[in-house]
Amino acid sequence: YYPDGSIFHRARTTTSFTMNGSAEEYFGGVHSFRHRYRYREIPQTPEDTTWGDWNDWSDWGGSEFEMANLPVGEYHFQAQCRDWAAFESLVTDYFMTIVEANFEEKTLLIVDETKDGNGRPGSPNDEQCDRFYREILGLDTTTWTTPDGWTVSEIDYRNHKIGDASYVSPKDVCNQRVIIWHSDDKSELRLSDNTRILQEYLDRGGRLIVSGWDVLSPFADGDEVTFTSGFAYRYLRIAAAKRENDKLFVGMTGDAELGYPDLELDREKVPGRWNGLDKCWLLEPRHRTDSIGGWRGFEGRPPDFEGRGCAVRNFAPVNPWRTIVLGFPLYFMGTDQAVQFIRTAIADIDG
């Protein structure tokens, strides 16, 4: 189960529970535990607070119990322990949610992993990146819909926490037909911390668009990498990649046959002394994966990068999922071109 108590449904599965208690403050020991729960179907609206009836308390016994074949829905558990003198503890509550993927509606989730830069050229803050993605989507923030009929929601990853840990859970993504995951500033990327949820989402037919500065760094130990297994190999379907560490990336030549536009660096978003962006990646697609754009470097440098793929799409019919990965941060491209790109990408990945 994820930090918020949610998990994707799995048929013929037994869930094991362990209750913990202590009577050390009272110089005693725990004798036994009991539990009960109530259930409801997944609410259709936030206003729906109706629950089913509580079942009877279990007999006093050990700290572990199991439940088999739990259906989709929400569960409210209560647990209690007692000491050897039969004094009972306060009741502890625990909530969990079992969800099923449903991508029938045109729903789009933006996972914003971008940290808060200083807001100057080359270091966008969170507000600037949020505004950029809303703008290129044509998002009406009153209705949170786009002109193409997508209903949009956002997760600010750094603030989406339980305790000190950020997370994305099945409850967040189970009804999101497309996810845009961006990390468009120079900060530590946490994409690799979320491969479990992304794998489970993609295995159910999810669609993922990834943009980022040094986007493959969570999966690579150096400037060149060959993938033979793992998330980047299986789900992003990248065979190999190479990073350019100098500030030389100035744009992408889009694959016109696939409908993708050219993208050019917006010079107002970077310091004037920069020739381009650094830590951008060439991406070598695997079988049944296409390059959708070619590298453009400052004055053609480095020459061995020029024209080679810097963005890929995987629409392999043998897989239920679809992915698009950019080897550069989309935020730094010209807004008008980025509008064409993201709307083409969404229509393409949803087709």
Side-chain angles (χ1 to χ4, degrees), residues 1-102 107 109 111 153-176 190 193-201 204:
Y1 286 79
Y2 286 79
D4 64 353
S6 68
I7 197 168
F8 278 112
H9 179 258
R10 297 176 185 172
R12 299 177 297 280
T13 297
T14 297
T15 303
S16 300
F17 299 84
T18 300
M19 298 173 284
N20 294 302
S22 172
E24 291 180 0
E25 292 183 13
Y26 306 97
F27 307 101
V30 174
H31 174 269
S32 53
F33 297 82
R34 67 176 183 172
H35 68 275
R36 67 175 183 172
Y37 76 95
R38 57 182 180 173
Y39 164 86
R40 65 174 177 175
E41 295 181 354
I42 303 292
Q44 299 302 307
T45 65
E47 293 76 22
D48 184 358
T49 59
T50 305
W51 282 89
D53 295 332
W54 289 102
N55 72 329
D56 294 334
W57 282 102
S58 67
D59 294 333
W60 290 102
S63 62
E64 298 181 354
F65 65 97
E66 293 183 339
M67 299 179 69
N69 302 319
L70 291 174
V72 170
E74 292 190 345
Y75 296 80
H76 178 188
F77 286 89
Q78 289 188 334
Q80 194 175 30
C81 61
R82 64 179 180 180
D83 65 12
W84 288 87
F87 287 106
E88 298 176 1
S89 71
L90 297 174
V91 172
T92 298
D93 294 276
Y94 175 72
F95 294 86
M96 74 180 201
T97 307
I98 301 176
V99 299
E100 196 72 85
N102 184 342
T107 49
L109 173 65
V111 179
S153 55
E154 296 177 336
I155 288 178
D156 187 340
Y157 183 76
R158 62 186 179 146
N159 293 323
H160 195 59
K161 295 182 176 181
I162 289 182
D164 294 329
S166 297
Y167 72 97
V168 176
S169 78
K171 192 156 58 172
D172 295 322
V173 305
C174 65
N175 58 355
Q176 301 296 332
R190 311 309 305 181
D193 292 346
N194 293 275
T195 53
R196 177 192 166 197
I197 181 60
L198 290 174
Q199 287 172 192
E200 293 179 348
Y201 167 77
R204 288 161 173 81

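Computed from a predicted model, the values in this text were never measured in an experiment.
- Distance check: Trp60 CH2 to His31 NE2 gives 10.0 Å after rounding to the nearest 0.5 Å.
- Ring centroid separation for the pair Tyr94 and Phe17 does not come in under the 6.0 Å cut-off.
- Separation of atoms CG (Asp156) and NZ (Lys161) is listed at 10.0 Å; rounding is to 0.5 Å.
- A donor-acceptor contact shorter than 3.5 Å links the side chain of Asp48 to the backbone of Thr50.
- Within 6.0 Å of atom CG in Asp59, 12 or fewer heavy atoms from other residues, nucleotides or ligands are found, so the atom counts as exposed in its surroundings.
- A cation-pi arrangement is present between Arg204 and Phe8 under the rule of less than 6.0 angstrom and at most 45 degrees off the ring axis.
- Expressed to the nearest 0.5 Å, how far OG of Ser169 lies from NE2 of His160 amounts to 5.5 Å.
- The minimum heavy-atom distance linking Arg38 with Asp53 is given by the pair CB-O, 3.6 Å.
- Shown here for Gln176 and Tyr201, the closest heavy-atom pair between the two residues is O-OH, 2.8 Å.
- Side-chain contact between Met19 and Phe65 is present, with heavy atoms from C-beta onward closer than 4.5 Å.
- Tyr75 OH to Trp51 CH2: the interatomic distance, rounded to the nearest 0.5 Å, is 10.0 Å.
- Minimum heavy-atom separation, Gly62 to Phe33: O-CB, 3.7 Å.
- In plain terms, the two heavy atoms of Ala68 and Thr14 that are nearest each other are CB-OG1, 3.9 Å.
- Among all heavy-atom pairs drawn from Val30 and Cys81, the shortest one is CG1-CB, 3.9 Å.
- Around CZ of Arg10, the count of heavy atoms belonging to other residues, nucleotides or ligands within 6.0 Å does not exceed 12.
- For the pair Tyr167 and Ile197, the minimum side-chain heavy-atom distance is 4.5 Å or more.
- Crowding of Phe87 atom CZ: a count of heavy atoms from other residues, nucleotides or ligands under 6.0 Å not exceeding 12.
- Remark: Trp54 CH2 to Phe77 CZ distance equals 9.5 Å, nearest 0.5 Å.
- Summarising the local packing, CD of Glu41 is surrounded by 12 or fewer heavy atoms from other residues, nucleotides or ligands at distances under 6.0 Å.
- Remark: the Tyr2 side chain and the Asp172 side chain contain no N/O donor-acceptor pair separated by less than 3.5 Å.
- Heavy-atom contacts from other residues, nucleotides or ligands closer than 6.0 Å to CG of Asp93 number more than 12.
- Every residue meeting the side chain to side chain contact (heavy atoms under 4.5 Å, CB included) condition with Thr97, not counting sequence neighbours, appears here in chain and number order: Ser6, Ile42, Glu74, Val99, Lys171.
- Residue Gln78 is tested with Arg34, Arg36, His35 for a side-chain hydrogen bond (donor to acceptor under 3.5 Å, both in side chains); the sole match is Arg36.
- The structure places CG of Leu70 at 5.0 Å from CE of Met96, a figure rounded to the nearest 0.5 Å.
- Side-chain contact between Tyr157 and Asn194 is present, with at least one heavy-atom pair separated by less than 4.5 Å.
- Here the shortest heavy-atom pairing between Val168 and Val111 reads CG2-CG1, 4.4 Å.
- Side-chain atoms of Ser63 do not come within 3.5 Å of backbone N or O of Asn20 as any donor-acceptor pair.
- Two residues are said to be in side-chain contact when any heavy atoms from C-beta on lie closer than 4.5 Å; Leu109 and Glu154 fail this criterion.
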